[in-house]
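Step one of this worksheet: look at the structure below.
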Amino acid sequence: MPTALPTADLSALIGLLDLVGIAVFALTGALLAAQLRQTFVTMAFFALVTGVGGGSVRDLLIGAPVFWVRDPWVAPVCLGVALVAWFTPHRWWVQPVGNWPVLEWADAAGLGAYAVLGTAKALAFGVTPVPAVLMGVITGCVGGIIRDVLAGRPSILMRPELYVTAAALSAGICAGGAVLGLERGMVWPLAALAGFALRGAAIWWKLGLPVYSSGEREG
């Protein structure tokens with residue numbers, strides 16, 4: 001019978017995946033600044049805000065120490081990503097490989113994983129399931145929202161594409177598994193994969209939510 005992954009190993013794996021997700025989100029911020037022809041200082045700021053924005057808001061809301069202030073790796077990773085983006089051609093990151101928009105798919109993977117991690121952390125701090133799901137969505141989406149607002153473009157909240165919905169799916173499965181008492185080693189990967197799959201379907205088939213109809217009701 002296989003043994004469970006030791007807690008120390010699981011924590012180390014989660015920490016590594018967290019840094020990878022931060023790096024992916026930071027890269028999207030740096031590349032937006034590059035697209036806008038900004039300075040390196042602006043690029044670094046966009047990378048940092050996008051990478052840590054969602055997690056910072058979550059931690060402030062649940063009363064936890066802001067994660068990246070105490071972690072010696074997070075800020076250097078964001079600044080390092082900005083440095084890489086500064087010295088490499090923009091097209092390397094935004095042009096698809098074959099039919100695969102690599103950065104979008106990496107962002108989708110980060111979105112699912114981040115929503116799960118945010119939900120799990122909120123639950124660990126005693127937040128009840130429904131607000132914990134919202135904390136997961138905030139963790140996955142708010143950094144990108146801040147980035148878009150600073151850049152003066154419509155945020156992901158103002159677009160019908162399935163993005164926030166994918167984060168909500170991952171967060172909901174994570175919280176649901178916790179309520180049912182299921183093994184987190186099974187629930188967390190499933191939740192992250194579900195959000196990734198939904199976001200991937202939205203990328204591939206251009207799926208979006210229906211928008212409000214402005215037609216007046218009769219009667």
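Scanning for side-chain contact (heavy atoms from CB on, under 4.5 Å) contacts around T165 gives L162, L198, L209, with sequence neighbours left out. A search for side-chain hydrogen bond (donor to acceptor under 3.5 Å, both in side chains) contacts involving D71 returns nothing, not counting sequence neighbours. In this structure A34 satisfies the side-chain contact (heavy atoms from CB on, under 4.5 Å) test together with M43, H90, sequence neighbours excluded. A search for side-chain contact (heavy atoms from CB on, under 4.5 Å) contacts involving R70 returns P65, not counting sequence neighbours.
Here CG of D107 is found 10.5 Å from CZ of F196. Values are rounded to the nearest 0.5 Å. Here CH2 of W204 is found 12.0 Å from CD of E104. Values are rounded to the nearest 0.5 Å. Rounded to the nearest 0.5 Å, atoms CG (L48) and CH2 (W68) are 5.0 Å apart. Annotation: the span from I173 atom CD1 to L169 atom CG amounts to 4.0 Å, rounded to 0.5 Å. Note that OG1 of T28 and CG of L32 are 8.0 Å apart. Values are rounded to the nearest 0.5 Å.
Residues V69 and V52 share a single hydrophobic cluster, defined by chaining ILVMFWY side chains whose heavy atoms lie under 4.5 Å apart. Cluster membership check: L61 shares its hydrophobic cluster with I146, using side-chain heavy-atom separations under 4.5 Å among Ile, Leu, Val, Met, Phe, Trp and Tyr. The same ILVMFWY cluster, assembled from side-chain heavy atoms under 4.5 Å apart, contains both V66 and V77. L190 and L123 are not part of a single hydrophobic cluster, where members link through side-chain heavy atoms under 4.5 Å apart. Grouping the Ile, Leu, Val, Met, Phe, Trp and Tyr side chains by contacts below 4.5 angstrom, directly or via other members, places W205 with W105.
Nearest heavy-atom pair across F25 and G110 is CZ-C, 3.6 Å. Nearest heavy atoms, G29 versus R147: CA-CD, 3.7 Å. Between C174 and A191, the shortest heavy-atom distance links the atoms N-CB, 3.9 Å. A pairwise comparison of heavy atoms in A82 and A47 identifies CB-CB, 4.0 Å as the closest pair. For A26 against V81, the heavy-atom pair with the smallest separation is C-CG1, 3.9 Å. Here the shortest heavy-atom pairing between W93 and L103 reads O-CB, 3.6 Å.
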Worksheet item: Run the side-chain contact (heavy atoms from CB on, under 4.5 Å) check on D148 and R159 step by step: do they pass?
Response: CA-CA 12 Å; D148 291 342; R159 301 195 294 267; 4.1 Å; yes
Item to complete: Carefully, step by step, assess L19 and V74 under the rule side-chain contact (heavy atoms from CB on, under 4.5 Å).
Response: CA-CA 7 Å; L19 279 177; V74 174; 4.1 Å; yes
Worksheet item: Do F67 and I22 pass the side-chain contact (heavy atoms from CB on, under 4.5 Å) test, and can you show the C-alpha distance, the side-chain angles, and the key distance before you say yes or no?
Response: CA-CA 12 Å; F67 74 104; I22 288 169; 3.7 Å; yes
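Within a 6.0 Å radius of CZ in F45, other residues, nucleotides and ligands contribute 12 heavy atoms or fewer.
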Enumerate, atom names and distances included, each donor-acceptor pair closer than 3.5 Å involving a side-chain atom of residues 130-144, sequence neighbours excluded.
residue	atom	partner	partner atom	Å
T139	OG1	R58	NH1	3.4
T139	OG1	M135	O	2.7

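A salt bridge links R199 with E161: the closest approach of a Lys/Arg side-chain nitrogen to an acidic carboxylate oxygen falls below 4.0 angstrom.
Screening residues 121-140 for ring pair (Phe, Tyr, Trp, His ring centres under 6.0 Å) gives no qualifying pairs among residues at least two apart or on separate chains.
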